[in-house]
J.: 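Have a look at the structure that comes next, please.
Computed from a predicted structure; not experimentally measured. Below, read A as the first sequence line, B as the second, and so on, with proteins coming before strands; counting in each chain starts at 1.
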Amino acid sequence: MRGDTDFAVQVKGVTKVFGTGAQAFRAVDEVSIDIQQNEFLTLLGPSGCGKTTLLRMIAGFEHPTAGQILLDGAEISHLPPYQRPVNTVFQSYALFPHMTVAQNIAFGLEMLGKPAGEVRQTVDAMLTLVRMAELRDRRTDQISGGQQQRVALARALAPHPKVLLLDEPLSALDYKLRKDMQIELKRLQSETGITFVFVTHDQEEALTMSNRVAVMNQGKILQLGTPRDIYDHPAERFVADFIGDTNFLNAQVVNSAGGKVTLKLTAGEEVTADLPGGVAPPVAGDSVTAVVRWEHAKLTAQGAGQLSGTLANVVYVGTDTHYYVELSDGTTFVSRIQNSRDDELTFSEGMPVGVSIESNGVQVVRN
Amino acid sequence: MGEAQTKAPGTGTGSQVQASAERARKARVRAHWLLNTPALIILLCAASGPLFVVIIYSFLTPGDYGGIEWAFSLDGWFSVFMQRDIFEGTLSVADAHMSILWRSVRLSLLTTLTAFVLGFPTAYFIATRPRETRNVWLFLITIPFWVNLLIRTFAIMELIRNKGVINTILMSTGIIEQPIQMLFTDFAIMVGMTYVYLPLMVLPIYASMEKFDFRLVEAGYDLYATRMKVLRRIILPLAKPGIVAGSILVFIPSLGAYVTPRILGGGKNMMLGNLIALQFGQGRNWPLGSALALTLLAMVMVALLIYVRGVAKQDSGRH
Ligand SMILES: Nc1ncnc2c1ncn2[C@@H]1O[C@H](COP(=O)(O)OP(=O)(O)OP(=O)(O)O)[C@@H](O)[C@H]1O
Ligand SMILES: [Mg+2]
């Protein structure tokens with residue numbers, strides 16, 4: 001494999017407009033993305049940002065208003081869904097209620113005209129793969145939500161598609177089951193070697209499961225990268241805000257050199273910040289936004305650390321404690337500190353405190 | 001009771017509690033029956049009563065000027081199936097009755113089939129409209145119900161008679177030379193019944209399609225099913241309750257139809273309903289009319305039974 005076919009799916013400048021005239025709405029706005037073979041790619045974004053629409057265009061249920069979609073290097077935009085070697089696990093599962101578990105899984109294979117023996121073998125293999133062998137003859141309305149989810153997965157995997165599309169398949173499950181299914185999904189992906197495109201609006205799910213994450217908002221992909229990239233080096237204010245807990249500080253650039261920027265915060269202090277790739281280097285005097293993750297700052301005694309302020313609020317949340325510090329310009333800065341048995345330093349509300357930020361903890365983002 | 005008294009005091013009070021619970025339950029049941037009386041009276045008077053009368057009449061002797069004589073006779077039932085030659089006294093199968101029976105069954109089946117072929121796409125169309133406009137379509141479907149059956153039937157007659165709308169158009173455009181004889185044929189009866197009973201097919205199918213989850217259609221396409229396969233493997237099986245109900249609702253009244261075959265079939269092409277009416281009228285043979293009516297009833301029940309069993313078998317046959 002070489003050239004374009006290194007990619008399972010290529011989305012090239014795809015736009016989807018619903019409605020016409022004054023009603024027209026851009027659900028997907030000039031999205032381009034190359035999805036690698038055997039990749040677990042997650043589309044992450046808030047409700048209504050166009051994740052499902054993008055997925056439905058890859059599946060063939062919607063047609064792009066503009067742009068191209070390529071599968072293994074071949075244009076598929078004009079093909080109906082039943083001619084695309086792509087299967088979907090629907091958010092609602094959409095299992096056929098008049099068929100048993102086994103019949104549901106066999107459906108795609110039968111439609112492809114596979115011989116009966118092969119269908120039976122594949123169905124058995126799939127039932128084992130998703131651990132549903134005992135329930136093969138149950139009707140699909142007689143099994144639990146988690147089991148339905150696994151049947152939906154097996155049904156979509158059975159024809160061995162090139163790409164599997166999953167639209168928030170775990171959102172209907174409770175926390176515990178969700179955790180189990182996340183592991184199960186990862187296992188299935190590595191066992192089958194199929195490319196997974198996974199949609200979620202749960203950041204934790206996105207970060208734990210994916211090879212790469214595409215963060216979407218208002219029909220656009222804002223940032224595409226590994227979970228580490230996305231979390232540690234958010235390039236956009238929206239990404240930093242949507243993923244993880246983040247402090248936003250307004251600042252002015254003092255000077256900028258070699259990927260490092262010296263900032264003067266509105267609160268008065270000077271800090272050194274990183275510049276993530278893809279953000280244009282600012283020049284002295286520019287107004288920028290700097291971000292600091294909650295867990296990258298610690299409380300210290302007054303006078304120590306880069307920032308100083310007054311401890312306004314202490315919130316205990318079990319594993320962590322959140323310290324709300326009011327800086328001199330009135331902005332609130334939060335520091336999250338993991339609780340341990342031998343905490344010797346205790347702070348109380350109303351105390352003047354210092355805030356120490358880890359090295360590389362401050363970063364400039366695009367507004 | 002005696003045994004209960006020999007038991008330990010503890011269980012004694014237990015059985016008292018039980019006894020009073022039992023009394024309360026019986027009172028509830030009695031109240032239930034009381035509340036049900038109006039329904040029961042209506043059922044008895046309106047359904048079982050007349051049926052009972054018809055059953056009795058079918059075993060009596062016809063009166064000279066209609067009505068019955070109170071003398072037991074099997075002639076009514078006998079004449080349904082057999083006839084005795086007036087001159088030679090030989091027995092033979094009642095051909096006239098058999099052909100009417102056969103025509104009734106055949107035309108009713110054809111009507112049901114045609115109504116399904118026309119009604120299913122209609123119901124599907126309505127069910128896939130936006131929610132706000134569905135009621136408008138349903139309203140349009142039910143409009144014919146507001147017009148008297150006779151008038152609707154005469155309207156069909158106006159369409160298909162030799163100098164009617166269809167023949168006039170066909171002849172004036174030169175497609176045909178002679179008018180096509182459609183009125184007073186079985187075809188006319190079938191067209192009329194299809195027209196009259198079509199809403200009875202559309203409405204139940206619509207009711208089952210309305211609940212249909214159209215995401216299943218997408219799931220079908222996603223799993224490589226073409227349009228036809230989706231229709232056959234997903235939509236039709238899930239619409240089956242509506243299709244069964246619609247077919248029953250069309251088939252049964254077709255089997256006993258009176259007005260439509262009377263007007264569109266003319267005098268010759270009788271159906272069971274007309275034959276029964278004839279026996280109670282000009283024929284002055286009420287016992288035969290009653291026996292024919294009961295035969296019709298039996299046929300309907302057999303048809304229902306076959307349908308119900310067929311459906312049950314298909315359901316349990318799935319693995
Ligand atoms: N058929 C349609 N007609 C008009 N607008 C639509 C249609 N489908 C989706 N939209 C709009 O497009 C936008 C994107 O919808 P989409 O379903 O892709 O969002 P999503 O990211 O999947 O959201 P969620 O997380 O809530 O599922 C929404 O604002 C939605 O209202
Ligand atoms: Mg969605």
J.: Is A/Leu165 close to chain B through its backbone or its side chain, or both, or neither, when contacts mean heavy atoms under 4.5 Å?
T.: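 Neither part.
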J.: For A/Arg155, is it the side chain, the backbone, both or neither that has a heavy atom under 4.5 Å from a heavy atom of chain B?
T.: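 For A/Arg155, backbone and side chain are both near chain B.
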J.: Should A/Phe107 and B/Ile234 count as side-chain neighbours, where that means a heavy-atom distance under 4.5 Å?
T.: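 Of all side-chain heavy-atom pairs linking B/Ile234 with A/Phe107, at least one is under 4.5 Å.
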J.: So does B/Arg232 have more than 12 non-hydrogen atoms from other groups sitting under 6.0 Å from CZ?
T.: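 Incorrect, the count does not exceed 12.
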J.: Are more than 12 heavy atoms from other residues, nucleotides or ligands located less than 6.0 Å from atom CD of A/Gln23?
T.: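 No, CD of A/Gln23 has 12 or fewer neighbouring heavy atoms, counting only those of other groups under 6.0 Å.
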J.: Using a cut-off of 6.0 Å, state whether more than 12 heavy atoms not belonging to B/Arg106 lie near its atom CZ.
T.: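 Counting neighbours around CZ of B/Arg106, more than 12 heavy atoms of other residues, nucleotides or ligands fall under 6.0 Å, so yes.
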J.: Is the number of heavy atoms from other residues, nucleotides or ligands within 6.0 Å of CD (A/Gln83) greater than 12?
T.: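 Enclosed: over 12 neighbouring heavy atoms sit under 6.0 Å from CD of A/Gln83.
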J.: B/Asp213 versus chain A, heavy atoms under 4.5 Å apart: side chain, backbone, both or neither?
T.: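 For B/Asp213, there is no contact with chain A at all, as no heavy atom is under 4.5 Å.
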J.: List the steps and the verdict of side-chain contact (heavy atoms from CB on, under 4.5 Å) for B/Tyr221 and A/Thr88.
T.: CA-CA 10 Å; B/Tyr221 288 146; A/Thr88 308; over 6 Å; no
J.: Relative to chain A, which segment of B/Leu216 carries a heavy atom at a distance below 4.5 Å: side chain, backbone, both, or neither?
T.: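 Both parts, heavy atoms under 4.5 Å.
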J.: Roughly how far apart are B/Glu218 CD and A/Phe90 CZ, rounded to 0.5 Å?
T.: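 If I round to the nearest 0.5 Å, the distance is 6.0 Å.
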J.: Between B/Leu223 and A/Met111, what is the shortest heavy-atom contact and its length?
T.: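 Heavy-atom minimum between the residues: O-CB, 3.3 Å.
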J.: Most heavy-atom pairs under 4.5 angstrom with chain B, which of A/Ala94, A/Ala156, A/Ala59?
T.: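 Winner by heavy-atom pair count: A/Ala94.
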J.: For A/Pro81, does its backbone N or O pair with a side-chain atom of B/Asp222 as donor and acceptor, under 3.5 Å?
T.: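 Side chain of B/Asp222 to backbone of A/Pro81, a donor-acceptor pair under 3.5 Å: no, none is there.
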J.: Are more than 12 heavy atoms from other residues, nucleotides or ligands located less than 6.0 Å from atom CZ of B/Arg227?
T.: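 Incorrect, the count does not exceed 12.
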J.: Which one wins on heavy-atom pair count under 4.5 Å against chain B: A/Ala158, A/Pro97, A/Gly60, A/Pro80?
T.: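 Of the options given, most contacts go to A/Pro97.
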J.: Find out whether A/Glu110 and B/Arg233 are in side-chain contact, i.e. whether some heavy atom of one side chain is under 4.5 Å from a heavy atom of the other.
T.: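 The answer is yes, as the side chains (C-beta and beyond) meet within the 4.5 Å cut-off.
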J.: Counting C-beta onward and ignoring hydrogens, is there a side-chain heavy-atom pair between A/Asn87 and B/Tyr224 closer than 4.5 Å?
T.: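 Yes, at least one pair of side-chain atoms sits under 4.5 Å.
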J.: Which region of A/Val101, side chain (C-beta onward) or backbone (N, CA, C, O), has a non-hydrogen atom less than 4.5 Å from a non-hydrogen atom of chain B, or is it both or neither?
T.: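 Neither part.
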J.: For B/Met301, does the CE atom sit with more than 12 other heavy atoms under 6.0 Å from it, leaving out its own atoms?
T.: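 Open: at most 12 neighbouring heavy atoms sit under 6.0 Å from CE of B/Met301.
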